[in-house]
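Scroll down for the structure; my scribbles are underneath it.
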There are 2 protein chains.
Amino acid sequence: MPAKKKAPPHPVETVGLDVLEDTLSFYIRSINIALSRDLDHRLEGLDVARGTGKITTLLLVDSHPGIRPSVIAQLILRDRSAMGRLVDQMIDHDLVTRRNAPDDGRAQELHITEKGADLARKVREIATKQSSDFFAGVPEEDQERLLDILRRVYRRTLGLDQ
Amino acid sequence: MPAKKKAPPHPVETVGLDVLEDTLSFYIRSINIALSRDLDHRLEGLDVARGTGKITTLLLVDSHPGIRPSVIAQLILRDRSAMGRLVDQMIDHDLVTRRNAPDDGRAQELHITEKGADLARKVREIATKQSSDFFAGVPEEDQERLLDILRRVYRRTLGLDQ
DNA sequence: TACTTTTAGTGGACAAACGCAACTATTCTG
DNA sequence: CAGAATAGTTGCGTTTGTCCACTAAAAGTA
């Protein structure tokens, strides 16, 4: 009798996830990990690696000149101090500029630099591509639906739409 | 003319998310943040705070006695070293035990402790409740659909189901 | 106008988590 | 038996985020 390969008591293919099996949050969290990793790879070397924060900030500043840090912070669900540091980084990389708001002494306005705008173009491509690649296995129709639902959840989470 | 409140150039309610608006990954990531925070709150003081990893591990060990760290690692998308540390913590908290696999000198088997089993019960409630609370605004039918889709994506990500 | 409260941004400190890479011991392949 | 693959451990570095306190400015109030 040939030595047979030892299978673990509970091989991956067959383990149930207990209660988590039916839990949206588990899947969201797991998929998020995979998604983030994938994205990080695609952004390698791009000055904007590691994260949703930088990308969103870059795109928002690009498409909304003069947008304020605190507004972005709300959208990416971070607190102001984290946001501040994020902006610091981006300024170091010469992606955006920060100036005081002319009409409100507390606030700042962010503007894109040329380098930032270039990067934003690249990032747009990468971000859309990665999202569609990643969900390539999901039928078009389901993707739409998913997008719809998640968008609503997101907005409700922010407290927009009531 | 009364001093009117200064509105920022781009108020939160109206800023578009540029390309990200139509990107599944953005929403997944954002919702993930909110979800994790919420969960952390609900788990406060419970020995298992901070994270998907611990919860999943706890439940899996409870419902699959003898399951191996490496198997769990695959399911929660972490590398073995992270998994090892996770188990260390849980052992410190007296939630699980670790013993060498009798038939495979490389492997280990995890078992739940009494304290761990108690906690697992609580966690099951909390986890299911939080997920349903969080998605309460989404119609039942959509939730099912969502769950279905995400489950498939998850499994495909793991490389199960081809 | 004067007083209080809220908002925007900054800076420090702290903790924790994660991934990579290197290394050991075992087991599998052929 | 030799070489490749697998399970787990450890150290290292890096990053990230959160909490808190503090300043300045503006809004609310009366």
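Below, read A as the first sequence line, B as the second, and so on, with proteins coming before strands; counting in each chain starts at 1.
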Phosphate OP1/OP2 of [N] contacted by [X] side-chain N/O (<4.0 Å):
X     : N      : value
B:S70 : D:dG8  : yes
B:R68 : D:dG8  : no
B:Q89 : C:dA16 : no
B:K54 : C:dA16 : no

>> If the threshold is 4.0 Å, N to carboxylate O, is there a salt bridge linking B:D47 and B:K122?
In response: no
>> Less than 4.0 angstrom from a charged side-chain N to a carboxylate O is my criterion; do A:K54 and A:D92 meet it?
In response: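 Looking at A:K54 and A:D92, the cut-off is not met.
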Can you find a heavy atom in the side chain of [X] that is under 4.5 Å from one in the side chain of [Y]?
X     : Y      : answer
B:P69 : B:R98  : no
B:I55 : B:L43  : yes
A:R99 : A:Q108 : no
B:I33 : B:R29  : no
A:I31 : A:F134 : yes

Between [atom2] on [N] and [atom1] on [X], what's the gap in Å once rounded to a whole number?
X     : N      : atom1 : atom2 : result
A:R78 : D:dT16 : CZ    : P     : 9 Å
B:E44 : D:dT18 : CD    : C1'   : 13 Å
B:L75 : D:dA7  : CG    : P     : 13 Å
A:I55 : D:dT16 : CD1   : P     : 12 Å
A:M83 : D:dG17 : CE    : P     : 11 Å
B:N32 : D:dG17 : CG    : P     : 12 Å
B:L77 : C:dA17 : CG    : P     : 17 Å
A:I67 : C:dA8  : CD1   : C1'   : 15 Å

> Run the side-chain contact (heavy atoms from CB on, under 4.5 Å) check on B:L77 and B:L158 step by step: do they pass?
Replying inline: CA-CA 8 Å; B:L77 299 162; B:L158 289 199; 3.5 Å; yes
> Is a donor on one side and an acceptor on the other found under 3.5 Å between the side chain of A:S131 and the backbone of A:A127?
Replying inline: no
> Within a radius of less than 6.0 Å around NZ of B:K129, do more than 12 heavy atoms belonging to other residues, nucleotides or ligands occur?
Replying inline: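 Atom NZ in B:K129 is not packed in, count stays at 12 or less.
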>> How about CD on B:E125, more than 12 heavy atoms from neighbouring residues, nucleotides or ligands closer than 6.0 Å, or not?
In response: no
> Which residue lies toward the 5' end of DNA chain C, A:I33 or A:P69, if each is placed at its nearest nucleotide?
Replying inline: A:P69
>> Near DNA chain D, counting only heavy atoms under 4.0 Å, which residues of residues 23-31 of chain B show up?
In response: none
> Which residues in residues 94-113 of chain B have at least one heavy atom lying under 4.0 Å from any atom of DNA chain C?
Replying inline: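 B:D104, B:G105, B:R106 - these, ordered by number, are the residues of the stretch whose heavy atoms sit under 4.0 Å from the strand.
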Which atoms of nucleotides 20-24 of chain C (N or O only) lie under 3.5 Å from a protein N or O atom, and what are those distances?
residue : atom : partner : partner atom : Å
C:dC20  : N4   : B:S81   : OG           : 2.8

>> Apply side-chain contact (heavy atoms from CB on, under 4.5 Å) to residues A:L46 and A:I126 and explain how you reach the verdict.
In response: CA-CA 11 Å; A:L46 271 196; A:I126 296 178; 3.6 Å; yes
